[in-house]
Amino acid sequence: MGKSISLYDLPTRPTNMDNVDCEFPREIQDEMSIQIPPEDYEAELKLNLEQHKAFSMIIDVIQKGKSGIFFIDGPGGTGKTFLYRALLAHLRSKKLMAIATATSGVAAAIMPGGRTRIPILRYQ
Ligand SMILES: Nc1ncnc2c1ncn2[C@@H]1O[C@H](COP(=O)(O)OP(=O)(O)OP(=O)(O)O)[C@@H](O)[C@H]1O
């Protein structure tokens with residue numbers, strides 16, 4: 001009681017949140033305003049051979065406008081998240097929508113814009 005909400009280090013409220021005339025619903029605006037960490041742009045240049053192969057395969061399918069499901073597997077610490085971050089940065093830098101979801105909050109938190117639920121899929 002009596003404390004300011006600003007003391008709780010919460011994410012800042014998007015400035016366009018009240019713009020009801022905006023072309024896109026709030027969830028989509030939120031996705032489009034995700035900040036890409038500079039190191040995630042650089043991750044694309046640092047991918048190892050296997051990461052690069054997966055990266056190219058996935059981006060190629062997207063660029064061709066095809067659909068696909070990819071399963072990335074590997075022992076802990078082998079760079080799966082590193083690859084996801086490179087993919088997210090690449091797609092978002094091209095103004096494409098890339099929704100990062102995970103089944104646990106911890107897993108979601110290690111990806112920029114990661115979330116455990118996807119209300120955005122209500123929109124078509
Ligand atoms: N190509 C790379 N170049 C530089 N560092 C990398 C590369 N790939 C992975 N790393 C680093 O290796 C560490 C482990 O990678 P990452 O967290 O992506 O592994 P993971 O497969 O997702 O692990 P886990 O399954 O345990 O979550 C991280 O510090 C990451 O930054």
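Counting from 1, the numbers follow the sequence of the chain as shown. No experiment lies behind these values; they were computed from the predicted model shown. Start at 1 and go down the list; that is how both ligands and their atoms are numbered.
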Do [X] and [Y] sit in the same hydrophobic cluster, where Ile, Leu, Val, Met, Phe, Trp and Tyr count as joined when their side-chain heavy atoms come under 4.5 Å apart?
| X | Y | answer |
| --- | --- | --- |
| L83 | I62 | yes |
| L47 | L87 | yes |
| I34 | Y84 | no |

>> Quick check: H90 with F55 (ring centres under 6.0 Å apart)?
In response: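 F55 vs H90: aromatic centres under 6.0 Å.
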> Is any side-chain N of the basic residue among K80 and E50 closer than 4.0 Å to the acidic one's carboxylate O?
Replying inline: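 No, this pair does not count.
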>> Could you tell me if the side chain of M97 sits less than 4.5 Å from the side chain of R92, heavy atoms only?
In response: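 When only atoms from C-beta onward are counted, M97 and R92 do not touch, as no gap falls below 4.5 Å.
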Within the protein, flag every N or O under 3.5 Å from an N or O of ligand 1, and note the pair and distance.
from     : atom 1 : to  : atom 2 : distance (Å)
ligand 1 : 1 (N)  : K46 : O      : 2.8
ligand 1 : 1 (N)  : Q51 : OE1    : 2.8
ligand 1 : 8 (N)  : Q51 : NE2    : 3.0
ligand 1 : 18 (O) : T81 : N      : 3.2
ligand 1 : 18 (O) : F82 : N      : 2.8
ligand 1 : 19 (O) : G79 : N      : 3.0
ligand 1 : 21 (O) : T78 : N      : 3.3
ligand 1 : 21 (O) : G79 : N      : 3.1
ligand 1 : 21 (O) : K80 : N      : 3.0
ligand 1 : 21 (O) : K80 : NZ     : 2.7
ligand 1 : 22 (O) : T81 : N      : 2.9
ligand 1 : 22 (O) : T81 : OG1    : 2.6
ligand 1 : 23 (O) : G77 : N      : 2.8
ligand 1 : 25 (O) : K80 : NZ     : 2.7
ligand 1 : 26 (O) : G77 : N      : 3.3

